[in-house]
Amino acid sequence: MVKPIVLIVMDGVGKGDGGSGDAVAVAKTPTLDTLLATCPHTWLKAHGTAVGLPSDDDMGNSEVGHNALGCGQVYSQGAKLVGESIESGLLYSSDTWKDLIANAKAGHALHFLGLLSDGNVHSNISHLIALLRRAHTEGVRRAYCHILLDGRDVPATSALEYVAQLEAVLAELNTPGCDYAIASGGGRMQITMDRYQANWPMVEAGWRTHVEGKGRAFASAAEAIEVYRTETGCIDQDLPAFVVARGGKPVAKIANGDSVILFNFRGDRAQEISLAFDSKDFDHFDRGDYTGVKFAGMLQYDGDLHIPEHYLVQPPVIRDTLTEVLCAAGIPEYALSETQKYGHVTYFWNGNRSGKVDESLEVYEEIPSDVIPFDQAPAMKSREITEHMVAAMASGKFRFLRCNYPNGDMVGHTGVMSAVVTAMECVDAGVKAILEAADKYGYTVLVTADHGNADQMTETKKGKTTVRTAHSLNPVPFIIYDRDNDWQILDGHYGLANVAPTVVKMMGLSAPASWEASMV
């Protein structure tokens, strides 16, 4: 019997070791426990090569995870895509790179803005270093780095290691007549890297720091980090903004006419600052006497909205997504999450495409996220997501419905174990209500995740256990709940890209030839 399908993405929920640092195991999750004990299920690879990243040492993330879930295929993504373009030299042959370099050689400064780490989720320091060295080789005399501190996709207090690595390269490039330096910075959750227009004041704070040189001054980035850690006790992602100064003045402000490269490759937290630099009718905050720079992103972060207009690396062209297949078959769809993950069940799910494939068949719903530290409200909007999903199921209008509970990921990134445990219990309650609605209204429910996070909240190195705020490399569940059909998951090793083919097979449809195999 072909039934409508509900797909639940428990964001950031993987299979941990079951120990005291595994919030998924520590939390009271009777619904998830029962599903795993009684329903057909398997564990999916959600990182590394399974989602198009360079190696299996690379953590998955919500963007590539939802790309894979929604398109049934594996594409070169993020770090791998950029790395290939740098290695082949294709990036340096682009008109955008040539224009930025020519502008810098004509007397303007070249600025690099982005997340300073090797987390391979938003950026990689190796890409920044490669671009700096290439710029120096091509004759750029003034280049400045505006660094955002991570501590989220990498160890929580690792910023000084990355700063030392960058400073060594800058010293090497400071040949006679050249000035290569760190100019400003701050924690990624304090300035610049907001997403989904949830907190424009955060972006404005970054603008004031990088462009206007406003902020507390230090002799070096290392000094800023050390002083702030002593004063605040914050981990890297939460450290306040800083400006590096010489002789009482900022080393460099991003001035009108300069060349600016945002070297992050992930799109969600790059779009707002891109608009601040690139949009002519920008009105989210006062940009003062700003008249424009030559700005480029590492990638184009939204192809349909052209954010930004200029970029260095061509994104993967993702075709034959699940939404395209379902729309071609006339199947109505519903997509739901709160602001923090709304773009993941829409834009990323649809292969980095804004808008809808078929307006007549698709309904998207966004529940506004609260602007509050997630450990202070670990339930987030799980109750509202559940209520809206149950209502959509009750309406009988849709044959495929998907939702994302952000809690395991967003609260997991705070590193506050008690809050993550609460977050998981809230998600479990939401899943329970959706299963009850499935029984009442006649749905099959698939439960999965896009990557791990809440499942590994601590890590031990050299005998020392510390808080972990990054994603995990653990597999994620794929569970089939269906009271009317006896589904069997075939033997095999599967990844996130096997989910879309499974949905299509369960609906009695044919998958595109480019897709991975179905699990049933």
Side-chain angles (χ1 to χ4, degrees), residues 9-17 22 24 41-88 115 117-127 130 150 152-155 158 264-269 298-299 313 315-316 318 344 348-349 351-352 404 408-409 412-413 448-457 459 461 468-478 491-502 514-517 519:
V9 180
M10 304 182 299
D11 211 293
V13 178
K15 182 182 182 181
D17 62 10
D22 179 354
V24 179
H41 70 277
T42 189
W43 296 94
L44 306 180
K45 185 178 175 184
H47 73 286
T49 56
V51 289
L53 298 173
S55 77
D56 287 341
D57 292 329
D58 296 318
M59 294 175 287
N61 62 66
S62 297
E63 287 65 43
V64 299
H66 283 78
N67 274 167
L69 285 168
C71 76
Q73 307 154 74
V74 178
Y75 283 84
S76 289
Q77 293 276 9
K80 185 176 182 181
L81 183 67
V82 173
E84 290 171 350
S85 185
I86 290 173
E87 196 170 322
S88 68
L115 187 66
S117 81
D118 58 1
N120 265 6
V121 176
H122 290 271
S123 67
N124 193 302
I125 188 174
S126 67
H127 299 158
D150 195 346
R152 190 175 175 95
D153 301 321
V154 293
S158 55
N264 286 8
F265 47 72
R266 175 166 148 175
D268 59 343
R269 293 189 183 275
M298 183 67 86
L299 295 170
V313 178
I318 298 179
H344 296 79
F348 291 107
W349 182 274
N352 307 328
N404 179 299
D409 187 37
H413 278 310
T448 190
D450 54 347
H451 57 77
N453 187 331
D455 45 285
Q456 189 177 356
M457 296 303 302
E459 58 186 352
K461 294 182 179 179
R468 180 183 173 91
T469 54
H471 297 169
S472 76
L473 300 177
N474 294 328
V476 301
F478 178 78
D491 290 338
H493 298 286
Y494 301 113
L496 296 181
N498 295 97
V499 171
T502 304
S514 59
W515 281 19
E516 299 292 308
M519 291 180 277

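Heavy atoms only: backbone and side chains are in, while hydrogens, waters and symmetry mates are out.
The closest donor-acceptor contact from the side chain of T448 to the backbone of V9 lies at 3.5 Å or more, if one exists at all. Side-chain atoms of D455 do not come within 3.5 Å of backbone N or O of D22 as any donor-acceptor pair. Between the side chain of N264 and the backbone N or O of L115, at least one donor-acceptor pair lies under 3.5 Å.
Looking at heavy atoms from C-beta onward, I86 lies in side-chain contact with H127 at the 4.5 angstrom threshold. Side-chain atoms of P477 and M10, non-hydrogen and from C-beta on, do get closer than 4.5 Å to each other. The shortest side-chain heavy-atom distance between Y494 and T502 does not fall under the 4.5 Å cut-off. With a 4.5 Å cut-off on side-chain heavy atoms, H47 and D56 count as touching. Taking 4.5 Å as the limit, some side-chain heavy atom of H344 sits within range of a side-chain heavy atom of E63. Proximity of N120 to M59: side-chain heavy atoms (C-beta onward) are nowhere separated by under 4.5 Å.
There is a side-chain donor-acceptor pair under 3.5 Å between N352 and N67. N404 and H66 share a donor-acceptor pair across their side chains, judged by distance under 3.5 Å alone.
Heavy atoms only, all atoms of each residue included: D450 and L496 are closest at O-CD1, 3.3 Å. A pairwise comparison of heavy atoms in N498 and M519 identifies O-CE, 3.6 Å as the closest pair. Heavy atoms only, all atoms of each residue included: K80 and G52 are closest at CD-O, 3.2 Å. When all heavy atoms are compared, the tightest approach of D150 to S117 is OD2-OG, 2.7 Å. The minimum heavy-atom distance linking L69 with V499 is given by the pair CD2-CG2, 3.6 Å. Nearest approach of W43 to P475, heavy atoms of both residues: CB-CB, 3.9 Å.
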Practice problem: Please assess S62 against D11 for the test side-chain hydrogen bond (donor to acceptor under 3.5 Å, both in side chains), listing each intermediate value before the final yes or no. | Solution: CA-CA 8 Å; S62 297; D11 211 293; 3.2 Å; yes
Handout entry: Steps toward side chain to side chain contact (heavy atoms under 4.5 Å, CB included) verdict (D268, H122)
Key = CA-CA 9 Å; D268 59 343; H122 290 271; 3.6 Å; yes
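Ring geometry for H471 against H451 counts as parallel: the plane angle stays under 30°, on a 0 to 90° scale with 60° as the upper cut.
Taken from CD in Q456 to NZ in K15, the straight-line distance is 14.0 Å, to the nearest 0.5 Å. In this structure, CG in D153 is found 7.0 Å from CZ in R266, a value given to the nearest 0.5 Å. In this structure, CZ on R152 lies 13.5 Å from OG on S158, to the nearest 0.5 angstrom.
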